[in-house]
Number of protein chains: 2
Amino acid sequence: MVFKILMYICDMQQQTYLKGCLSAIVLQLLQDNKRMYGYEITQRVREITAGELQLTEGALYPTLHKLEAEGVLTTENALVDGRNRKYYKLTENGQQQAQSAVSELADFVTNLQKILNLKPSL
Amino acid sequence: MVFKILMYICDMQQQTYLKGCLSAIVLQLLQDNKRMYGYEITQRVREITAGELQLTEGALYPTLHKLEAEGVLTTENALVDGRNRKYYKLTENGQQQAQSAVSELADFVTNLQKILNLKPSL
DNA sequence: AGCTAATACCTAAGTAAATTTGGTATTTAA
DNA sequence: TTAAATACCAAATTTACTTAGGTATTAGCT
């Protein structure tokens, strides 16, 4: 809630750049953490980026379900402190897909840097 | 043409990550080069990224027109070697918008790197 | 001369992937 | 008892591309 208000105040344009990267980010986090639940993923990204990047749940959950349907992720439910959690982890097949998605994203970042670090040609 | 064929062969997934970054990339190039024409922009990105990133004209031209309509860019036509060129450059107002868009993109890249360089927490 | 590729611009239909907005339910802290 | 945080989800809409066409000129090959 606080963050939604913050987003209105400071016009977090970075969000627009996120388009297309969401799956890869999720896969990267799952490579690092073995298993995570949806809400945890949103909070982790927020922590890592000091609140500059915020995954919306409306985008995250459909993405998780899609990856599960594709056989990239599997789930296990847990009841923690009276609240339901749905943990996601990479399947064996998913680990390979995660690796290639993440390395493509890394390449993309490299290319963006090349573009951004360009010296003027005039 | 050659590149379109190459794109089929090597499944250039990086394209998906480009979503949302296009305007910022265009603005960055125009900060570096004062004026450029559409086709030149596509070729420049291809050069810089060694063919790994390819701006499609179907995406680029509508973006340029939008930025012009917003007053970020102005155009001047030129006839070069019997071919028509439409040069784009930043307006005064556009220079500020370009700067903020580019710095936001740079911040985004930094955040992506933070996510990608994460050490496992387990 | 005729063909293909490269140069240079453009639009429209379709699609993918978000955002926006709503919903449910429990726990914690004021 | 009320708001905020935790935790999940779906549907309608919007955004921003891709795909697939189109026009026209020049360069290079055979």
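Numbered from 1 within each chain, the chains take letters A, B, ... in sequence-line order.
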Just to confirm, is there a sub-4.0 Å distance from OP1 or OP2 of [N] to any side-chain nitrogen or oxygen of [X]?
X: A:Y61; N: D:dA10; result: no
X: A:Y39; N: D:dC8; result: no
X: A:H65; N: D:dA10; result: yes
X: B:K19; N: D:dT18; result: no

Are A:E52 and A:Q14 close enough that a side-chain donor and a side-chain acceptor fall under 3.5 Å?
->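 Yes, because at least one side-chain N or O of A:E52 sits under 3.5 Å from a partner of the opposite role on A:Q14.
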Base, sugar-phosphate, or nothing: which does A:L18 touch, judged by heavy atoms less than 4.0 Å apart?
->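 Nothing: the residue A:L18, judged by heavy atoms under 4.0 Å, touches no strand.
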Look at all strands and tell whether B:G58 reaches a base, only sugar-phosphate, or nothing, counting heavy atoms closer than 4.0 Å.
->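 Base contact - B:G58 has a heavy atom under 4.0 Å of at least one base atom.
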Residues touching DNA chain C, which here means a heavy atom under 4.0 Å, drawn from residues 69-89 of chain A =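 Of all residues in residues 69-89 of chain A, the ones placing a heavy atom under 4.0 Å from DNA chain C are A:D81, A:G82, A:R83.
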Under the side chain to side chain contact (heavy atoms under 4.5 Å, CB included) rule, collect the residues that match up with [X], sequence neighbours excluded.
X: A:S23; answer: A:T63
X: A:A106; answer: B:L116
X: A:T91; answer: A:T74, A:N93

Can you pull the ring-ring contact (aromatic ring centres under 6.0 Å, His included) pairs that have at least one residue in residues 81-106 of chain A, sequence neighbours excluded?
->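 For residues 81-106 of chain A, and leaving out neighbouring residues, the ring-ring contact (aromatic ring centres under 6.0 Å, His included) pairs sorted by first residue read A:Y37-A:Y87.
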Distance-only donor-acceptor test (3.5 Å): side chain B:E57, base C:dC9 =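 Side chain to base: pair present.
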Just how far, in rounded Å, is P of C:dA17 from CG of A:L67?
->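 From A:L67 CG to C:dA17 P: 10 Å.
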Nearest to the side chain of B:Q15, which nucleotide is it out of D:dT15, D:dC17, D:dT18?
->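 Of all the options, the side chain of B:Q15 is nearest to D:dT18.
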Which pairs count as salt bridge (Lys or Arg N to Asp or Glu O under 4.0 Å) when at least one residue sits in residues 64-82 of chain A, sequence neighbours excluded?
->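 Listed once each, the pairs are A:R35-A:E76, A:K66-A:E70, A:E76-A:K89.
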Position toward the 5' end of DNA chain C (nearest nucleotide), A:T63 or B:E40 =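 So the residue in question is B:E40.
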